[in-house]
Enquirer: 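Just passing along the structure, written as structure tokens.
Heavy atoms only: backbone and side chains are in, while hydrogens, waters and symmetry mates are out. We're numbering straight along the sequence, starting at 1.
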Amino acid sequence: MARHLITSALPYINGIKHLGNMVGSMLPADVYARYLRQRGHDVLYICATDEHGTPAELAAKEQGLPVAEFCAQAHDAQKAVYDGFALAFDYFGRSSSPQNVEITQHFARRLNENGFIEERAIRQVYSPTDGRFLPDRYVEGTCPHCGYDKARGDQCENCTRVLDPTDLINPRSAISGSTDLEVRETKHLFLLQSKLQHEVEEWVARHEDDWPQLASSIARKWLNEGLLDRAITRDLDWGVPVPADTWPELAAEGKVFYVWFDAPIEYIGATKEWADAAPAGETRDWKSWWYEADDTVRYTEFMAKDNVPFHTVMFPATELGVREPWKKVDYVKAFNWLTYYGGKFSTSQKRGVFTDQALDILPADYWRYFLIANAPESDDSSFTWEHFTATVNKDLADTLGNFVNRVLSFSKKRFGEDVPAGGEPGEAEARLGEEIARLLAEYEQQMEALQFRKAAAALRALWSAGNSYLEEKAPWLEIKTDKDAAALTLRTAMNLIHLYAVVSEPFIPATSAAMRQAFALADDTAAWVSADEAKSLTSVPAGTPFTVPPVLFAKLTDEDLQTYKERFGGDTAA
């Protein structure tokens, strides 16, 4: 089986993330990683907190904490939420790790040796009030392109245009709010992307036909506009230091690397963290996943559209310029945005549902299923509480949960606590087996293609097939005239429940575990379901003890809907 390296865009350290961030990177990556593991592939799913840059310093200052302490606490808080969502990272690292410092500095030295880094004097915003140069994110103002009045000096959150602090209208210091700003000369390192344009174009051309249109169109747009040389250092107290053995003057001034230079390198750094964290007696070869791995590793990245340029252009340019055989991404799964009633989820504006709040309301599987079933793949999609409650009630409570409950409850009531035997399968069971095998193949095809909404629809159709079979056979009527026929129907339905437990695991892992644990199978090691197994539906034999699990999914009421809307707001994009 192939080796699959999976990364999702690093969540920034500043604050708990919202549902849009979850569905735009980490959750679909987890679903895909779980699926591949079940199919027998060797999978390494790596993520980390992105800890450098201006917002980390500002947030630490606001809380009165040293930035290192703030980041350590925030990393643990984020990891707790991701554990709550059952994200099965192989390793969740930190971009401030010694491993990332080491590899980032190595990349910088190699780029410099190869003529792709240049020291330049530039004019930069200086705040006399703060007594320091202001990195791009320390300058706020009005975006010259869309008029958004809280744009940062590196990028406008509203229109996503990349900016320079001097582009902003009415700029002010993000530290003090002072508008008494000057422009002074200072030195920084520049990555000469212009010298790598042709190589990046050739590399993108070899991959873009395989990527989603969203990813390839964004990459092509940046390339068509021409790659610009970019400053990759900043005047900050917190970051990967510029190595003194290569740039002694800049190191003495305390320059650190720009967060967008070191953050993608942390994918490699976190893999080394994973290897270094191996328990006693276990050896992990981190480098085989990243170095000279083009023929042995399939690398898939997951991210929202605002991260695409950095992963399809800037980081590949860095890797190409190093002139070493580091693994570059094979497939970029890009997502549009999930909106909240038509308006943007926003960490900074505290608008929308945040992941910790979501887990306070309902268990993770409710959110996992809804978000993936409505993933913003082809266009932006909107979260509304009306849509959420309707999806939970129809798909999870009625289609899946009710099927499991009524099958097991009815069988226990009429046949006891062992799977009944019944007669031999007939025409209805043969038709059901063929349909289940067909739907399972569709589900597998969509998962392999990373088409998550279509995969969710195929999974939903699998669940619906069980309800259709139950309605057709009507064991509550069969038992009145043919007890063996009713027993066969229930045994077949119980085998469907076990099949659902196996194949639903990527979407709803906790619920899948509960369904599987309902049956006291002596050796239940099934990782997946083959087409023949799907047709025969015999994995749970007659005589197997079973229990009726608690209600898998509670239906949400009108009162619930009203409560959610009052707490979080609704019917508005404001």
Enquirer: Salt bridge (charged side-chain N to carboxylate O under 4.0 Å, His left out), that's the test. Do K333 and E301 meet it? Break it down for me.
Expert: CA-CA 6 Å; K333 178 61 178 179; E301 291 180 342; over 6 Å; no
Enquirer: Checking E273 against R94 for the salt bridge (charged side-chain N to carboxylate O under 4.0 Å, His left out) test, could you report, in this order, the C-alpha distance in whole Å, the side-chain angles of both residues, the deciding distance, and whether it holds?
Expert: CA-CA 9 Å; E273 293 173 55; R94 302 181 59 188; over 6 Å; no
Enquirer: N402: what forms a side-chain hydrogen bond (donor to acceptor under 3.5 Å, both in side chains) with it, not counting sequence neighbours?
Expert: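 Once residues adjacent in sequence are excluded, N402 has no partner under the side-chain hydrogen bond (donor to acceptor under 3.5 Å, both in side chains) criterion.
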Enquirer: Please assess R206 against D209 for the test salt bridge (charged side-chain N to carboxylate O under 4.0 Å, His left out), listing each intermediate value before the final yes or no.
Expert: CA-CA 8 Å; R206 291 196 299 271; D209 289 343; over 6 Å; no
Enquirer: For the backbone of P11 and the side chain of D50, can you confirm whether one donor and one acceptor N or O come within less than 3.5 Å of each other?
Expert: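 Such a contact is absent between D50 side chain and P11 backbone.
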Enquirer: Are F370 and F383 close enough that their ring centres sit under 6.0 Å apart?
Expert: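 That pair passes the under 6.0 Å test.
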Enquirer: Using the six-membered ring wherever Trp is involved, compare the ring planes of Y45 and F89 and label them parallel, tilted or perpendicular (cut-offs 30° and 60°).
Expert: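 The rings of Y45 and F89 sit tilted, inter-plane angle from 30° to 60°.
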Enquirer: Side chains of Y82 and K17: does their closest heavy-atom pair fall under 4.5 Å?
Expert: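 Result yes, sub-4.5 Å side-chain heavy-atom pair found.
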Enquirer: Keeping W290 on the side-chain end and P325 on the backbone end, is there a donor-acceptor pair under 3.5 Å?
Expert: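 No.
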Enquirer: Assert yes or no for the condition that the ring centre distance of H75 to F92 is strictly below 6.0 Å.
Expert: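 Under 6.0 Å, so yes.
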Enquirer: Just do the salt bridge (charged side-chain N to carboxylate O under 4.0 Å, His left out) check on R284 and E282 with the steps written out, would you?
Expert: CA-CA 7 Å; R284 296 173 177 173; E282 180 181 342; 2.9 Å; yes
Enquirer: Is the side chain of N495 donor-acceptor paired with the backbone N or O of S539 at a distance under 3.5 Å, no angle test?
Expert: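 Such a contact is found between N495 side chain and S539 backbone.
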Enquirer: Please answer whether the main-chain N or O of P506 pairs with a side-chain N or O of R368 as donor and acceptor at a distance below 3.5 Å.
Expert: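 Side chain of R368 to backbone of P506, a donor-acceptor pair under 3.5 Å: yes, one is there.
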Enquirer: Mind checking whether W326 and W286 have parallel, tilted or perpendicular rings, split at 30° and 60°?
Expert: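 If you compare the ring of W326 with that of W286, the planes turn out parallel.
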Enquirer: Verify, without hydrogens or angle tests, whether T389 (side chain) and E386 (backbone) share a donor-acceptor contact under 3.5 angstrom.
Expert: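 Checked: pair present.
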Enquirer: Just by modelled atom types, is the N374 backbone N or O under 3.5 Å from a matching donor or acceptor in the S381 side chain?
Expert: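 Answer holds: yes.
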Enquirer: Report yes or no: does R516 contribute a side-chain atom to a donor-acceptor pair with the main-chain N or O of A501 at less than 3.5 Å?
Expert: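 No, the answer is negative, given that no donor and acceptor are paired below the 3.5 Å cut-off.
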Enquirer: Are the side chains of H18 and V353 in contact, using a 4.5 Å heavy-atom criterion?
Expert: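 Side-chain contact under 4.5 Å: no.
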Enquirer: Could you walk me through whether E444 and W528 pass side chain to side chain donor-acceptor pair (under 3.5 Å), step by step?
Expert: CA-CA 11 Å; E444 293 172 351; W528 198 248; 2.7 Å; yes
Enquirer: Do F546 and H498 have their ring centres less than 6.0 Å from each other?
Expert: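 Distance test on ring centres: not under 6.0 Å, no.
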Enquirer: Cut-off 3.5 Å, side chains only: do S288 and R3 have a donor facing an acceptor?
Expert: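 Checked: S288/R3 side chains pair up, N/O donor to acceptor below 3.5 Å.
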Enquirer: Between L552 and N405, is there a side-chain heavy-atom distance shorter than 4.5 Å?
Expert: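 In short, these two side chains do not touch, never coming nearer than 4.5 Å.
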Enquirer: Less than 4.5 Å apart, side chain to side chain, heavy atoms only: is that true for L362 and Y564?
Expert: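 With C-beta onward as the side chain, the pair touches.
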Enquirer: Taking the side chain as every heavy atom from C-beta outward, state whether W337 and P376 have any atom pair closer than 4.5 Å.
Expert: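 Counting from C-beta outward, W337 and P376 never come under 4.5 Å.
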